[in-house]
Amino acid sequence: MTLDIMMPFYGRVDHFRIAVESVLAQTDPDWRLVVIDDCYPDVTAGEWLVGLADPRIVYRRNPVNAGINVNFQASIDLAVNEWLTIFGCDDVMLPGYVARVKALGQAHPTADFIHPGTRVIDGDGRVYRPLVDRMKALYRPHVRGTIELGGEKLAVSVTRGNWMNFPAIAWRRSAVASVGFRPNLSVIQDLGLALDVAFQGGSLLLDDEVVFEYRRHASSVSSWRAAEGSRFVEEQRFFRALAAEFEEHGWPRAARTARWHISSRINALTRLPEAVSARQTAGIRILARHALGLSLAEPVERR
């Protein structure tokens, strides 16, 4: 079972090298790393990678910057093995990641995606727990060992609060290839993909053994889009449409959860001080309206 590790790249070169080195340090050497360079201006990352001359590594550089969603979809399209992970170019695999994912996949053949245990690190690699991750811990199922979730139970769990660390997840290629990423999402593609797999009967296996470090820092796409508000415009539109999808699927509890999207609104509230400090007037309005459950259908900045 060779694991495809798909890595879209656009970011700090030092973090990229740490991420690649963490793959090279895996105790199970049966992996394939595919780096999709989204035309990052600094070409030294690609030159260093090619210089490694490791036959398990494939390097592709886009001729133009295509954006995160296109590269996420390319990660699915370019995978060739049964299991793949879409690895963040600033995250870290602990040495046992590949071995643990393979063991879980073999022990739970009905699972379509696997979420191993993770911990959060900052920009300098220090383990820490910011507010957003303390909140995620409240929503994450509390379990020792492993648990498999599917159907409405899975939908309610991840819709109530998206506790997943997307770059740590291993996906069964056939399950995600049949649905792909929703093209109209730019921040919460992971939740859309997980729910689309659930809609077609797929299940998630959650494990508590920590084998992955998820890097959270202020320069990440999700962080700055949260502070300036555009993240929540997308989230509100997504959750309102999702409520209707859940109703059509016969999942009323999930529909109510999506309709209220409480965790998203709480997240917007916690981002208000940051927006105020940065004097982001439009962002303040978006965050406040979303926190109160008011519609963002019309762009706030036009008012």
Side-chain angles (χ1 to χ4, degrees), residues 104 108-118 131-166 168-172 174-176 178-208 222 226 231-271 287 289-297:
L104 291 169
H108 300 269
T110 60
D112 284 308
F113 54 122
I114 298 169
H115 193 305
T118 64
L131 177 61
V132 63
D133 291 291
R134 295 198 296 273
M135 293 298 296
K136 280 177 176 280
L138 296 176
Y139 295 111
R140 183 183 299 112
H142 300 286
V143 61
R144 290 183 179 274
T146 60
I147 184 174
E148 192 166 341
L149 301 171
E152 188 175 16
K153 187 174 183 179
L154 169 59
V156 169
S157 179
V158 296
T159 303
R160 180 186 293 127
N162 185 5
W163 47 264
M164 298 181 294
N165 294 125
F166 171 64
I169 299 174
W171 307 83
R172 190 181 298 277
S174 58
V176 292
S178 62
V179 291
F181 285 96
R182 298 190 182 200
N184 61 331
L185 300 179
S186 59
V187 177
I188 53 173
Q189 305 98 322
D190 59 331
L191 182 56
L193 182 64
L195 289 170
D196 284 337
V197 172
F199 278 137
Q200 64 178 13
S203 63
L204 162 67
L205 182 72
L206 176 63
D207 183 50
D208 69 348
S222 60
R231 176 189 183 99
F232 299 105
V233 175
E234 177 177 304
E235 286 193 5
Q236 186 181 96
R237 182 176 65 246
F238 174 73
F239 284 121
R240 291 185 174 186
L242 191 61
E245 291 182 51
F246 285 148
E247 289 284 6
E248 292 174 4
H249 210 72
W251 291 351
R253 287 180 55 238
R256 286 194 299 272
T257 303
R259 199 171 292 116
W260 283 97
H261 51 275
I262 295 295
S263 64
S264 176
R265 291 162 58 189
I266 292 174
N267 189 15
L269 187 63
T270 66
R271 299 285 183 166
L287 294 171
R289 289 181 64 85
H290 186 61
L292 293 171
L294 301 176
S295 177
L296 302 176

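Below, all heavy atoms of this structure are taken into account, side chains as well, without hydrogens, waters or symmetry copies.
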**Prompt:** Does the pair L191 and F238 meet the rule for a side chain to side chain contact (heavy atoms under 4.5 Å, CB included), with working shown?
**Reply:** CA-CA 10 Å; L191 182 56; F238 174 73; 3.7 Å; yes
**Request:** Could you walk me through whether N165 and R140 pass the side chain to side chain contact (heavy atoms under 4.5 Å, CB included) test, one step at a time?
**Result:** CA-CA 11 Å; N165 294 125; R140 183 183 299 112; 4.2 Å; yes
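Here the CG-NE2 distance, from L205 to H115, works out to 11.0 Å after rounding to the nearest 0.5 Å. Annotation: the span from L154 atom CG to L204 atom CG amounts to 5.5 Å, rounded to 0.5 Å. The OG atom of S264 sits 10.0 Å away from atom CG of N162, with the distance rounded to the nearest 0.5 Å. Put simply, CE on M164 and CD1 on I169 are 5.0 Å apart, with the number rounded to the nearest 0.5 Å. Taking CD1 from I262 and CG from N267, the interatomic distance works out to 12.5 Å, rounded to the nearest 0.5 Å. Between W163 atom CH2 and S263 atom OG the span is 13.0 Å, to the nearest 0.5 Å.
When each of L104, L206, D208 is tested with T146 by the rule side chain to side chain contact (heavy atoms under 4.5 Å, CB included), just one qualifies, namely L104.
Using the six-membered ring where Trp is involved, W171 and F113 have ring planes that are parallel, under 30° apart on the 30 and 60° scheme. Classified by interplanar angle (parallel below 30°, tilted 30° to 60°, perpendicular above 60°), the ring pair H290/H261 is parallel. By the 30° and 60° cut-offs, the orientation of the rings of F181 relative to F166 is perpendicular.
T257 contributes a side-chain N or O that, together with a main-chain N or O of R253, makes up a donor-acceptor pair within less than 3.5 Å. The closest donor-acceptor contact from the side chain of T159 to the backbone of V156 lies at 3.5 Å or more, if one exists at all. Remark: side-chain polar atoms of S203 are paired, donor with acceptor, to backbone N or O of T110 under 3.5 angstrom. In this structure a side-chain-to-backbone donor-acceptor pair under 3.5 Å is missing from K136 to G161. Proximity of a side-chain donor or acceptor of E247 to a complementary backbone N or O of A255 within less than 3.5 Å is not detected. Side-chain atoms of R265 come within 3.5 Å of backbone atoms of W260 as a donor-acceptor pair (strictly under, hydrogens ignored). Remark: side-chain polar atoms of Q236 are paired, donor with acceptor, to backbone N or O of L294 under 3.5 angstrom. Formation of a donor-acceptor pair under 3.5 Å by the E152 side chain with backbone atoms of A254 is found in this model. Checked by atom type and distance alone, the side chain of R289 pairs as donor or acceptor with a backbone atom of S295 at under 3.5 Å.
Nearest heavy-atom pair, I266 versus M135, reported as atom, atom and distance to 0.1 Å: CG2-CE, 4.2 Å. Of all heavy-atom pairs spanning P141 and L149, the tightest one is CG-CD1, 3.8 Å. The shortest heavy-atom contact between T118 and A168 is CG2-CB, 3.5 Å. Here the shortest heavy-atom pairing between Q200 and S178 reads OE1-OG, 3.1 Å. The minimum heavy-atom distance linking Y139 with S157 is given by the pair O-OG, 4.3 Å. The two residues G180 and L193 make their nearest non-hydrogen contact at O-CD1, 3.5 Å.
For E248, there are no side chain to side chain donor-acceptor pair (under 3.5 Å) partners, not counting sequence neighbours.
Residues R231 and I188 are in side-chain contact: their nearest non-hydrogen atoms beyond the backbone lie under 4.5 Å apart. Looking at D207 and I114, their side chains never come closer than 4.5 Å, going by heavy atoms from C-beta outward.
E235 and R271 are not joined by a salt bridge, as no carboxylate oxygen comes within less than 4.0 angstrom of a charged side-chain nitrogen.
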